[in-house]
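Step one of this worksheet: look at the structure below.
Lettering of chains follows the sequences in order, A, B, ..., and the numbering in each one begins at 1.
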Protein chains: 2
Amino acid sequence: MSTVLNTKERIVELGRGHMQRIGYHSFNYKQIALELNIKNASIHHYYPSKEDLGMAVIEKDRQDFMQFIQRMKKAPPMDKLDALICAYEEYFKNGIKLCVISTFSASFNEITERMQLAIQQYSEIVASWLAGALKEGLESGDFHFTISIEEMTNHWMATLPGALLVGRSRGKKYFDMALHSLKKSVQSS
Amino acid sequence: MSTVLNTKERIVELGRGHMQRIGYHSFNYKQIALELNIKNASIHHYYPSKEDLGMAVIEKDRQDFMQFIQRMKKAPPMDKLDALICAYEEYFKNGIKLCVISTFSASFNEITERMQLAIQQYSEIVASWLAGALKEGLESGDFHFTISIEEMTNHWMATLPGALLVGRSRGKKYFDMALHSLKKSVQSS
DNA sequence: ATAAGCCTACCTACATACAGGTAGGTAGTA
DNA sequence: TACTACCTACCTGTATGTAGGTAGGCTTAT
């Protein structure tokens with residue numbers, strides 16, 4: 001698969017980045033238009049409304065996550081969690097982004113119902129993948145923890161976004177510490 | 001202390017609520033003006049710029065937290081943590097708010113440096129209070145955990161905002177579960 | 001082979017709305 | 001008299017979105 005993106009794909013890609021950095025509502029078409037050297041109105045040619053673009057961003061991120069699942073399908077459970085953590089380190093590094101789910105969760109009360117639904121569904125996909133990886137690691141003996149898988153899943157689902165937020169206000173040290181604690185949580189608790 | 005607020009105080013109070021629900025950037029003067037039955041321009045009489053109002057909201061929340069610290073000064077450590085959790089339950093209930101620190105952390109890249117600084121300082125106040133409560137509980141034998149106080153503090157600092165976000169996308173059940181796990185974390189880990 | 005027609009990927013120009021903010025005024029109170 | 005707490009009216013900037021146009025490539029019929 002070639003990495004050359006057409007305009008439509010580049011709009012989503014750039015839009016996603018901006019939304020993750022400054023939020024869905026603060027994001028605007030101008031920034032993308034400048035970067036792609038096209039006019040504001042041309043974006044509407046591909047995405048008639050901002051909601052359409054928002055939906056496309058969520059959908060693209062979900063698809064990327066599905067591919068991630070596929071790629072990691074046969075990896076050992078710890079590698080799966082490591083890869084997830086690695087993705088979050090990338091978000092934090094690349095201009096202090098949030099993950100897409102957190103981005104839209106932070107704006108949850110100002111997005112349309114359609115978008116809320118898409119985020120809810122996407123969240124459940126991530127959660128069930130996480131639960132699967134945790135179950136697998138527990139059964140293989142790679143992980144050791146005494147709380148339920150559902151609780152551990154939820155612990156991860158809350159801590160990953162929380163680490164991004166806390167990293168913004170308290171700095172990288174505390175972001176790293178949160179992820180480090182998270183990794184340890186499946187090894188002895 | 002009377003609960004009757006003057007207009008200036010009510011503007012901050014309402015502003016805070018709206019910011020917590022929809023974010024700093026999405027929040028606008030009109031909503032407050034309507035609720036207080038005054039004109040948009042009158043808000044500028046009290047807070048010349050939006051940044052001033054944002055700063056006032058952060059400052060008010062910090063002051064409220066300082067009062068909270070005072071009130072809980074002689075309470076047993078577990079009561080302190082319970083009270084904090086209770087505050088977050090209130091946020092989640094009252095129209096699905098985030099805490100003020102998360103609110104501005106979510107918008108961290110679109111607020112002024114002054115506001116960023118204020119949030120950073122406020123974060124450190126919360127963190128050091130939390131660390132104090134954890135230390136106290138550990139020494140009194142009320143808490144049992146093996147990780148460092150700094151790590152446990154950070155765990156709380158990340159999980160509380162994370163729970164609010166996850167609660168928005170996955171629902172109250174998972175918000176409650178996150179807080180429940182959090183409470184358990186100081187009792188056996 | 002080529003002309004006609006159509007589609008894609010943009011453009012210019014504009015409509016609309018709404019936000020933050022300012023200038024200057026006024027009524028009531030200290 | 002001066003200050004407080006508003007108001008009306010307006011300016012400016014900016015965001016989403018629309019209408020209509022155009023250049024160039026592709027398709028199809030003759």
For a 4.5 angstrom cut-off between non-hydrogen side-chain atoms, does B:His180 reach A:Glu151?
yes
Can you measure A:Asp52 atom CG to D:dT16 atom C1' for me and round it to whole angstrom units?
12 Å
Would you tell me whether B:Glu110 and B:Ser107 have side-chain atoms, one donor and one acceptor, within less than 3.5 Å of each other?
yes
Could you give the CG-to-P distance, from B:Leu53 to C:dA19, as a whole number of Å?
15 Å
Which word best sums up how the rings of A:His155 and B:His155 line up, parallel for under 30°, tilted for 30 to 60°, or perpendicular for over 60°?
perpendicular
Check each residue of residues 10-36 of chain B for a non-hydrogen atom within less than 4.0 Å of any atom in DNA chain D, then write out the ones that pass by number, or none.
none
Checking ring-ring contact (aromatic ring centres under 6.0 Å, His included) for the pair B:Phe65/B:Phe68: CA distance, chi angles, key distance, verdict?
CA-CA 5 Å; B:Phe65 185 72; B:Phe68 168 83; 5.6 Å; yes
Electrostatic pair B:Lys80:B:Glu136 at N-O distance under 4.0 angstrom
yes
Assign the ring pair B:Tyr91 / B:Tyr88 to parallel, tilted or perpendicular, where the plane angle (0 to 90°) is split at 30° and 60°.
perpendicular
Any protein N or O atoms within reach of nucleotides 7-11 of chain C? Criterion: under 3.5 Å, listing atom names and distances.
| unit_1 | atom_1 | unit_2 | atom_2 | d |
| --- | --- | --- | --- | --- |
| C:dC10 | OP2 | A:Thr7 | OG1 | 2.8 |
| C:dC10 | OP2 | A:Tyr46 | OH | 2.8 |
| C:dC11 | OP1 | A:Lys39 | N | 3.4 |
| C:dC11 | OP2 | A:Lys39 | N | 2.6 |
| C:dC11 | OP2 | A:Ser42 | OG | 2.4 |

Atom CD of B:Glu9 and atom P of D:dA5 are separated, to the nearest Å, by 11 Å
Thinking salt bridges, do A:Arg10 and A:Glu35 make one under a 4.0 Å N-O criterion?
no
Within 45° cone and under 6.0 Å: A:Lys8 NZ/CZ vs A:Tyr47 ring
yes
